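Contents: one structure, followed by commentary.
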Amino acid sequence: MKEFEIACPLSREPRLKEIEAKAGGLKWVLKKRSIDARKEPVWRYQYEAYAPEDNYSEYVLPEYLNVGEAKSVIVVGAGPAGMFAALKLLTLGLKPVVLERGKDVHGRKYDMAALSRTGAVNPESNYCYGEGGAGAFSDGKLYTRSSKRGDIREVLHQLVRFGASPDILVDAHPHIGSDKLPIVVENIRKCVLEHGGEYHFGAKVTSITEIAGGEYRVATSDGGEYFSDRIILATGHSARDVYEMLHSAGGKLEAKGFALGVRVEHPQEKINWCQYHGQWKPGVPAAEYSFVEQVDGRGVFSFCMCPGGILVPSSTEPRTVVLNGMSNSARNGKFANAGVVVQIEPEDVPGEDPFRLMDFQQSVERRMFDYCESVRCSAKSRKEVPATDGAFDNPMAAPAQRMQDFCEGRLSKTVPETSYHPGAISAPLHELLPPMVAERLRKVFPRVKMRNYFSNAALLLGVESRTSSPVRIPRDPGTLEYVSMPGIYPCGEGAGYSGGIVSSAIDGIRCAEACAAER
């Protein structure tokens with residue numbers, strides 16, 4: 001096998017004769033495609049060429065079996081970890097019984113629309129809860145650093161099988177888009193059902209009780225009862241009630257570090273101009289950015305960057321304000337947004353309570369709501385605190401501040417246009433955020449090595465707090481079982497073992513394999 005690369009202008013793809021000349025008569029395969037914008041922007045295509053003796057073969061997905069009469073495994077949660085656990089169980093001859101507290105991927109759209117339009121939070125159906133999990137209505141970014149934990153190809157090829165573009169198999173930064181992901185999610189469910197598995201919506205798990213012979217009884221909010229000696233717990237990073245349920249039953253939990261900060265929104269054209277050195281043109285992908293800095297002993301980094309995207313409300317309970325970003329497959333919106341967050345470690349919040357970081361997270365989310373609520377209540381007498389249209393009427397309005405104003409500690413006189421539908425209210429985020437977060441953010445923004453990034457054209461909105469779980473459900477590193485309850489497999493972001501769609505999917509696959517192993 002030999003590897004080779006072809007660079008070409010953004011205006012075209014490599015020509016066949018170029019590829020064949022480099023391949024030297026061997027069978028060639030495109031492995032990776034990326035844009036290199038370090039100097040003059042170019043496409044870089046990386047290939048592998050195989051001689052006959054290399055015995056090259058295409059990746060083949062495992063076969064799904066009919067499991068209607070097979071032994072069942074309960075899968076709690078239908079996010080990426082739960083869905084891919086269910087698919088893997090099909091290949092292992094086990095029957096997945098998926099319990100999802102929220103609605104199916106299409107039904108939950110109405111609740112998310114109401115959340116943006118009126119600020120009404122449905123605690124069981126929102127941007128975090130429901131089929132597909134938080135990832136179903138996001139940018140659908142698929143890159144991960146967790147390749148050592150499992151075979152990423154299995155995840156990507158399954159996504160393509162269920163409707164994603166084959167481009168995700170070769171793009172350096174693959175994404176699906178929030179307009180395409182619901183179809184993929186629905187097709188995964190159809191596959192599970194067609195092969196004998198089960199899906200139950202509106203089935204919030206209220207208790208897990210061990211009964212005779214190592215079997216568990218799982219009770220749900222709709223009156224259902226399910227029995228199995230194996231449970232994959234894939235509940236997502238916001239399922240606080242699940243942590244409390246385990247803790248009240250005597251189960252062990254651990255405080256876990258997470259990250260908290262703001263959503264930063266720029267006009268997309270400014271990011272394009274900066275990243276492509278003024279050479280962006282229609283048809284070229286919207287520019288992305290990422291950075292990592294160390295500030296006063298803690299990581300400060302961009303998170304979940306959404307080119308051409310919008311900001312959405314991600315609260316899972318009333319009287320809190322939480323933001324996230326999403327973008328469609330075309331990434332053609334007016335704005336770019338990204339979380340810029342500060343790492344919070346357990347030692348930053350003193351105590352022994354495993355819920356202390358979760359409580360800290362929730363207190364910041366409530367502080368954001370309380371500030372905007374106080375402004376709404378005194379809007380007539382405080383006209384000097386401006387807001388975008390409609391923000392005084394929507395409980396999900398977010399506190400906002402221009403970037404330079406934030407760093408210089410002054411209230412913004414005006415709030416620019418934003419993609420955040422509930423609206424934004426000018427606020428002193430430099431005071432509302434915890435000092436350990438605000439001070440590090442104020443130091444990092446001027447350091448970002450992107451021309452015009454540090455600008456009052458950039459708007460900060462609070463708060464970005466659901467980056468990962470602030471609680472870990474500890475499991476045995478060998479069997480992957482919950483240390484307090486054998487036969488239960490904590491899985492994915494909610495258990496504290498992944499972050500993002502692909503790493504969660506890989507963890508779901510691993511837990512399914514662990515379920516199939518002899519105990």
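By convention here, the first residue in the shown sequence is residue 1. From a predicted model like this one, the values you see are computed outputs, not experimental measurements.
Gln401 contributes atom CD, which lies 13.5 Å from atom CD1 of Ile425 (distance to the nearest 0.5 angstrom). Considering OG of Ser315 and CG of Leu323, their distance stands at 8.0 Å, rounded to 0.5 Å. Rounding to the nearest 0.5 Å places CD of Gln343 at 7.5 Å from CZ of Arg298. Considering OH of Tyr127 and CG of Leu115, their distance stands at 7.0 Å, rounded to 0.5 Å. The structure places CH2 of Trp280 at 9.5 Å from CD of Glu269, a figure rounded to the nearest 0.5 Å. Between the CG atom in Leu87 and the CD atom in Gln158 there is a gap of 5.0 Å [rounded to 0.5 Å].
Classified by interplanar angle (parallel below 30°, tilted 30° to 60°, perpendicular above 60°), the ring pair Tyr59/His157 is tilted. Ring geometry, Phe303 versus Phe301: the interplanar angle exceeds 60°, so the pair is classed perpendicular (tilted spans 30 to 60°).
Under the 4.0 Å criterion applied to side-chain N and carboxylate O atoms, Arg510 and Asp507 are assigned as salt-bridge partners. With respect to Arg33 and Asp167, a salt bridge is recorded, a charged nitrogen being found less than 4.0 Å from a carboxylate O. Checked for salt-bridge contact, Glu417 and Lys334 meet the test: a charged N lies under 4.0 Å from a carboxylate O. Salt bridge status for Arg442 with Glu439: present, with a side-chain N to carboxylate O gap under 4.0 Å. Of the charged side-chain nitrogens involved, at least one lies within less than 4.0 Å of a carboxylate oxygen, so that Lys88 and Glu154 count as a salt-bridged pair. Salt bridge absent: Arg108 and Glu131 never bring a charged side-chain N and a carboxylate O closer than 4.0 Å.
Aromatic ring centres of Phe4 and Tyr47 lie closer together than 6.0 Å.
Side chains of Met450 and Ile271 form a contact here, defined as non-hydrogen atoms less than 4.5 Å apart. Taking the side chain as every heavy atom from C-beta outward, Ser498 and Ile506 never approach each other to under 4.5 Å. With contacts defined as side-chain heavy-atom distances shorter than 4.5 Å, the pair Lys443/Phe445 does not qualify. Under the 4.5 Å side-chain criterion, counting only non-hydrogen atoms from C-beta, Asn452 is in contact with Trp273. Side chains of Phe201 and Lys103 form no contact here, defined as non-hydrogen atoms less than 4.5 Å apart. You'll find the side chain of Tyr276 stays beyond 4.5 Å of the side chain of Lys281, heavy atoms only. Side-chain contact between Pro428 and Tyr371: present, with at least one pair of heavy atoms (C-beta onward) separated by less than 4.5 Å. At a threshold of 4.5 Å between non-hydrogen side-chain atoms, the residues Leu433 and Met368 count as touching.
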task: Please assess Val444 against Arg440 for the test side-chain contact (heavy atoms from CB on, under 4.5 Å), listing each intermediate value before the final yes or no.
output: CA-CA 6 Å; Val444 85; Arg440 288 180 171 91; over 6 Å; no
After noting the C-alpha distance and the side-chain angles of Arg331 and Glu288, does the key distance pass the side-chain contact (heavy atoms from CB on, under 4.5 Å) rule? CA-CA 10 Å; Arg331 290 177 162 178; Glu288 306 175 49; 3.4 Å; yes
- [ ] Decide side-chain contact (heavy atoms from CB on, under 4.5 Å) for Ile344 and Val437; before the verdict, give the C-alpha distance in whole Å, the side-chain angles of both, and the deciding distance to 0.1 Å.
- [x] CA-CA 8 Å; Ile344 309 294; Val437 174; 3.8 Å; yes
Could you walk me through whether Gln275 and Ile35 satisfy the side-chain contact (heavy atoms from CB on, under 4.5 Å) test, starting with their C-alpha distance in whole Å, then the side-chain angles of each, then the deciding distance to 0.1 Å, before giving a yes or no? CA-CA 11 Å; Gln275 296 294 75; Ile35 291 179; over 6 Å; no
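With hydrogens and angles disregarded, no donor-acceptor distance shorter than 3.5 Å links the side chain of Glu265 to the backbone of Leu311. Checking side-chain atoms of Thr467 against main-chain N and O of Ala259 turns up a donor-acceptor pair under 3.5 Å. Without hydrogens or angle criteria, Gln361 side chain to Ser465 main chain gives a donor-acceptor distance under 3.5 Å. With hydrogens and angles disregarded, a donor-acceptor distance shorter than 3.5 Å links the side chain of Asp54 to the backbone of Ala51. Side chain of His277 to backbone of Glu40: no donor-acceptor contact under 3.5 angstrom is found. Using modelled atom types, one side-chain atom of Thr320 and one backbone atom of Glu317 make a donor-acceptor pair closer than 3.5 Å. At least one donor-acceptor pair closer than 3.5 Å links the side chain of Asn272 to the backbone N or O of Ala287. Within the 3.5 Å criterion, the main-chain N or O of Gly257 finds no donor-acceptor partner in the side chain of Glu345. Counting only distance, with no hydrogens or angles, the side chain of Tyr129 and the backbone of Asn122 share no donor-acceptor pair below 3.5 Å. A donor-acceptor pair is defined here as one N or O able to donate and one able to accept, closer than 3.5 Å; no such pair exists between the side chain of Asp36 and the backbone of Val42.
Residue Glu53 places its CD atom among more than 12 non-hydrogen atoms of other residues, nucleotides or ligands, all under 6.0 Å distant. Summarising the local packing, CD of Gln294 is surrounded by more than 12 heavy atoms from other residues, nucleotides or ligands at distances under 6.0 Å. Taking a 6.0 Å sphere around NZ of Lys2, one finds it holds more than 12 heavy atoms contributed by other residues, nucleotides or ligands. Atom CZ of Arg12 has more than 12 neighbouring heavy atoms from other residues, nucleotides or ligands inside a 6.0 Å radius. The environment of Arg410 atom CZ is dense: over 12 non-hydrogen atoms of other residues, nucleotides or ligands sit within 6.0 angstrom.
The side chain to side chain donor-acceptor pair (under 3.5 Å) test applied to Glu431 returns no partner, not counting sequence neighbours.
Scanning all heavy atoms of the two residues, the minimum distance from Leu432 to Pro399 falls at CD1-CB, 4.1 Å. Residues Val184 and Ala164 approach most closely at CG2-N, 3.7 Å, considering heavy atoms. Residues Gly325 and Asn337 approach most closely at CA-OD1, 3.5 Å, considering heavy atoms. Here the closest heavy-atom approach between residue Ile501 and residue Pro80 is recorded as O-CB, 3.7 Å. Here the closest non-hydrogen pair linking Leu193 and Gly197 is CD2-O, 3.5 Å.
Checking Phe454, Phe335, Tyr453 one by one against His266, the ring pair (Phe, Tyr, Trp, His ring centres under 6.0 Å) holds for a single residue, Tyr453. Exactly one of His237, Glu493, Glu365 qualifies for a side-chain hydrogen bond (donor to acceptor under 3.5 Å, both in side chains) with Arg466. That residue is Glu365.
Using modelled atom types, one finds a donor on one side chain and an acceptor on the other under 3.5 Å when comparing Lys256 with Ser468. Using modelled atom types and a 3.5 Å distance limit, the side chains of Ser426 and Arg402 yield no donor-acceptor pair. Counted by atom type alone, Thr316 and Asn126 present zero donor-acceptor pairs between their side chains at under 3.5 Å.
By the 6.0 Å and 45° rule, Arg376 stacks over the aromatic ring of Phe369.
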